[in-house]
Number of protein chains: 2
Amino acid sequence: MTITEFLNPQDWLGQGTGPRYVQLRRRLEEAIEQGILAPNASLPPERELAELTGLSRVTVRKAIQELVAKGAIVQRQGSGSFVRDASPRVEQSLSALTSFSEDMQRRGLETRSTWLERGVFMPSPEEMVALGLGADESVARIARIREAGGKPMAIERAALPTDILSNPLLVTTSLYEVLEAEGLRPVRAIQKISAINLDEDDAALLDVEPGVAGLSIQRTSYLASGRVAEFTRSTYRGDAYDFVAELRLSNAKDKR
Amino acid sequence: MTITEFLNPQDWLGQGTGPRYVQLRRRLEEAIEQGILAPNASLPPERELAELTGLSRVTVRKAIQELVAKGAIVQRQGSGSFVRDASPRVEQSLSALTSFSEDMQRRGLETRSTWLERGVFMPSPEEMVALGLGADESVARIARIREAGGKPMAIERAALPTDILSNPLLVTTSLYEVLEAEGLRPVRAIQKISAINLDEDDAALLDVEPGVAGLSIQRTSYLASGRVAEFTRSTYRGDAYDFVAELRLSNAKDKR
DNA sequence: AAGTGGTCTAGACCACACC
DNA sequence: GTGTGGTCTAGACCACTTT
């Protein structure tokens, strides 16, 4: 059964419910599930899909668009539309305080960083609050795209007081490695996780479509002394990352 | 400055970069940021926007569509398009094992459940693996929409062995309360968090647009004896929920 | 009945990839 | 150059809400 045959509109169009672009989207999803469209296979061109199904190209595009948003299909201008092969997901523990590069090395994945920003700056108001800095103090910033296994996984923007990280240029792979060499490795962190739709900029940096779901993570980490060591905002690809946490019963029950 | 004036195309169209629908989207975002479009205010009708800007209605719709996907605007057929007021986010701890209803009560929010499914069933293959059940054993399922403060927050689908929860109908608000009454409250859980784009069905249940980012959470919880007590898959609204975790340095460093 | 968003079409031109 | 996706238009009709 070829995809062309499978999309013969007599077999499905008008039989289900809902708008035609939804019906086509569902038919394409079935084709992917059933392997009629294998991973990395190319879809027929939009114009051909339109002719095959008797729909207009705009309607065809709307059906495909929903699959692109879900990450099931990638489109490349001038080249074609392709079924995306499910990329293996990586899990990160949410209870152990580890660094990205250490975490990936343990999995045997190679990491690479593309620097977006690295230097000493005047603190932004947000950084002043998060790090407890005065307006006359300075802040070390390192911002980079983290890649693992050849794929961009996250955008990481870290800010540290300059007396904790005086020379940001020393950081080549692991930030925590540099901090540890100074005896300044954080021992504790509070992390906040939210789901977001990636905006144009972040999506471009992570090589996915805008609107795809990602995880936004804000972390404040502390030295043993209780002082704030690091304030980091990261954006992870939702299709490549899971966070795993271990929970324990707090003392909330008692009284019985 | 009215929104009609603000959208005068001479002031912005063709001055920035990118496709026209992107330029219009940005202009609308600015209008919302600057308060020219207040929360809950209605946008001009699409046809009027098209005439105002000199763009076609299809292009106008595409610009608005991106804002709807981000959750910045809601559209109601037959009624209009409205600026969405940012809903306050709720944070849940990722280290303490608490239940949804207990958590919300502590915040003074009223909770409500709409039942989707509640009863005893044959276990699905996935449930057999997760709960360690044989094919001849049965499973108690409770699936519901959790609301807090009058808004749907999450879809929760829990499965438990029937000897831990023999009568699912006993659960009215807090599952953990029922388990605790039997001395079977879990003391430990492993939770996996991923970002997803909400599909049509989940989006409808949570009263948001399909494609908006949400958090998918899979939790397996354990009794003190080590036995699996509960396997739950939940989907949270990304715009209403943050998860907060406390991390600690594991013994990964040493050796120096 | 009038107004609004939702769907759909046919056709055009542009931007980019591949040969 | 040819083929692909990306953008855009003008106009139509449907479904739903509001009055």
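These figures come from a predicted structure and were not determined experimentally. Order of the sequence lines sets the chain letters (A, B, ...), proteins ahead of strands, with each chain counted from 1. Any value given below was found using the heavy atoms of this structure, including those in side chains, with hydrogens, waters and symmetry copies removed.
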Requested in this report: Among the candidates C:dT9, C:dA17, D:dT18, find the nucleotide nearest to the side-chain atoms of A:Leu55.
Outcome: C:dT9
Query raised in the report: Hey, what's the ring geometry for B:Phe243 with B:Tyr236, parallel, tilted or perpendicular (30° and 60° as the breaks)?
Result: perpendicular
Query raised in the report: Reckon A:Arg76 touches a base, only the sugar-phosphate, or nothing at all at heavy-atom distances under 4.0 Å?
Result: sugar-phosphate
Query raised in the report: Considering only C:dC8, C:dC16, C:dG6, which nucleotide approaches the side chain of A:Gln77 most closely?
Result: C:dC16
Report summary line: note: B:Leu24, atom CG; D:dT9, atom P; distance rounded to Å ~ 11 Å
Query raised in the report: Rounded to the Å, how far apart are A:Glu46 CD and D:dC8 P?
Result: 15 Å
Report task. Give a yes/no answer on whether the side chain of B:Gln75 brings an N or O atom under 4.0 Å of OP1 or OP2 in C:dT4. Result -> no
Query raised in the report: Is the closest side-chain donor-acceptor distance between B:Glu230 and B:Thr232 under 3.5 Å?
Result: yes
Query raised in the report: Closer to the 5' end of DNA chain C via nearest nucleotide, is it A:Pro19 or B:Glu48?
Result: B:Glu48
Report summary line: One should read off an interatomic distance between A:Glu102 CD and A:Glu177 CD, to the nearest 0.5 angstrom, of 6.5 Å
Query - OP1 or OP2 of D:dC8 under 4.0 Å from side-chain N/O of B:Arg20 - result: yes
**Report entry** Interatomic distance, B:Ile73 CD1 vs C:dT4 P [rounded to whole Å]
**Finding:** 16 Å
Query raised in the report: Of all the choices, D:dG5, D:dC8, C:dC8, which nucleotide is nearest to the side chain of A:Ser56 once you look at every atom?
Result: C:dC8
Query raised in the report: For A:Tyr21 and C:dT7, is the shortest distance between a side-chain N/O and OP1 or OP2 below 4.0 Å?
Result: yes
Query - Side chain of A:Pro45 (C-beta onward), nearest among D:dG11, C:dG5, D:dG5 - result: D:dG5
Requested in this report: Answer yes if the side chains of B:Glu156 and B:Ser234 hold a donor-acceptor pair under 3.5 Å, and no otherwise.
Outcome: no
Query raised in the report: Under 4.0 Å between a side-chain N/O of A:Ser81 and OP1 or OP2 of D:dG5, yes or no?
Result: yes
Query raised in the report: Taking CD from A:Gln65 and C1' from C:dC8, how many angstroms apart are they, rounded to a whole number?
Result: 17 Å
Query raised in the report: Have A:Gln65 and B:Gln65 got a donor and an acceptor in their side chains that come within less than 3.5 Å?
Result: no
Query raised in the report: Is the distance from OP1 or OP2 of C:dC8 to the nearest side-chain N or O of A:Lys62 less than 4.0 Å?
Result: no
Query raised in the report: For the side chain of A:Arg61, counting heavy atoms from C-beta on, which of C:dT9, C:dT7, D:dG5 is nearest?
Result: D:dG5
Requested in this report: Could you tell me the separation between the CG atom of B:Leu49 and the P atom of C:dG3, rounded to a whole number of Å?
Outcome: 17 Å
Query - Between C:dT9 (P) and A:Arg47 (CZ): distance, integer Å - result: 16 Å
Query raised in the report: A:Glu51 has an atom CD; how far is it from atom P of C:dA10, in whole Å?
Result: 11 Å
Query raised in the report: In terms of the nearest nucleotide of DNA chain D, which residue is placed more toward the 5' end: B:Val22 or A:Leu43?
Result: A:Leu43
Report summary line: Taking C:dT9, C:dG5, D:dC8 as options, the one with an atom nearest any side-chain atom of A:Thr59 is C:dT9
Requested in this report: Check whether any side-chain N or O of A:Arg57 sits under 4.0 Å from OP1 or OP2 of C:dG11, and answer yes or no.
Outcome: no
Query raised in the report: Ignoring hydrogens and geometry, is there a side-chain-to-backbone donor-acceptor pair from A:Glu209 to A:Ala203 under 3.5 Å?
Result: no
